[in-house]
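Everything below concerns the one structure shown next.
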Amino acid sequence: MDIDLPTLKVERLYRQISGVLIDFIRDGQFPPGTALPSERDLSKKLGVSRSSVREALIALEMLGWVEIRTGNGVFVRTNLPETAAANAAIEEGGVADLLKAREFLEGELCGLAAKTATPSQIDKMRDIIATMEQMDTDNLEFHQLDRSFHLLIAEMTGNPVLLDVLTQLWNKRYSPMYKRFEDHYTEHGLAPDLAQEHREIFEAIRERDPTLARDKMRAHLRHVYTSLFRLAQ
């Protein structure tokens with residue numbers, strides 16, 4: 001017997017959470033203009049991590065269902081989107097997944113770079129860090145230097161495929177969801193600390209210490225994760 005079965009799709013957790021919250025808003029449990037429960041309360045009631053809740057709230061803001069007022073809470077918008085807007089496509093990959101992928105991949109790249117970096121590449125990295133250390137704000141120029149630093153590590157491996165993969169991951173950093181996270185939750189004034197972390201990574205590579213280079217990179221990216229997902233009590 002021929003049966004036309006639908007294609008089943010496994011949705012990412014933050015999308016499932018956003019769907020549940022949209023249903024609650026539609027049902028009137030969270031009326032327009034009211035504040036949603038805190039991230040902590042939503043996490044407990046839904047049985048999910050607070051980082052997943054935060055991603056879901058960002059997605060809801062992008063879809064026009066809520067307004068995030070940093071430091072004051074998340075409020076249901078008074079002008080709710082049409083039904084079609086509820087099904088608007090948002091990114092499959094969340095910010096947390098991206099940073100965890102980068103932590104794994106770039107840690108390994110650093111370990112390899114400590115073995116394969118050429119003297120000219122090490123000199124180039126030294127110049128990048130020297131410029132970063134002269135800056136006291138993480139502005140556009142600082143972010144461009146940051147990108148150059150990380151991609152240079154992939155170049156140091158001598159493997160163009162690894163460079164392509166890392167470039168794709170870095171391009172996701174400029175996605176609407178990631179940018180929205182930065183707008184709401186980035187700590188400002190981190191440039192000196194980040195520059196110091198980059199110097200520690202550089203020193204480990206220069207000293208040809210793969211284990212230390214790997215550990216320093218992973219610690220750096222965990223710091224980036226914490227800066228975006230530091231969760232209010």
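Values reported hereafter were calculated over all heavy atoms of this structure, with side chains retained and with hydrogens, waters and symmetry mates removed.
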Passes side chain to side chain donor-acceptor pair (under 3.5 Å), His184 versus Glu61? Steps please. CA-CA 11 Å; His184 285 305; Glu61 185 180 58; 2.7 Å; yes
Is the CZ atom of Arg173 crowded by more than 12 outside heavy atoms at less than 6.0 Å?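 It does: Arg173 CZ has more than 12 such atoms within range.
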With rounding to the nearest 0.5 Å, note down the distance linking [atom1] in [X] to [atom2] in [Y].
X      : Y      : atom1 : atom2 : answer
Leu99  : His223 : CG    : NE2   : 12.5 Å
Leu166 : Arg102 : CG    : CZ    : 7.0 Å
Leu162 : Glu108 : CG    : CD    : 10.5 Å
Met125 : Ile205 : CE    : CD1   : 4.5 Å

Note: [X]-[Y] ion pair, threshold 4.0 Å (strictly below):
X      : Y      : value
Glu203 : Arg206 : yes
Arg126 : Asp123 : yes
Glu197 : Arg222 : no

Considering non-hydrogen atoms only, spot the tightest contact between Ser49 and Ser43 and give its length. C-OG, 3.8 Å
Applying a strict under-4.5 Å side-chain criterion to I, L, V, M, F, W and Y, I'd like to know whether [X] and [Y] cluster together.
X     : Y      : result
Leu63 : Phe181 : yes
Phe75 : Ile22  : no
Phe24 : Leu42  : yes

Parallel under 30°, tilted from 30 to 60°, perpendicular over 60°: which one fits the rings of His150 and Trp170?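 Ring orientation, 0 to 90° scale: tilted.
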Pair Phe229 + Tyr185: ring centers closer than 6.0 Å: no
Please name the residue in the list Leu60, Leu21, Val66 that meets the side chain to side chain contact (heavy atoms under 4.5 Å, CB included) test with Val74. Val66
Between Lys179 and Glu182, is the salt bridge (charged side-chain N to carboxylate O under 4.0 Å, His left out) condition met? List the steps. CA-CA 5 Å; Lys179 296 301 291 181; Glu182 288 187 322; 3.2 Å; yes
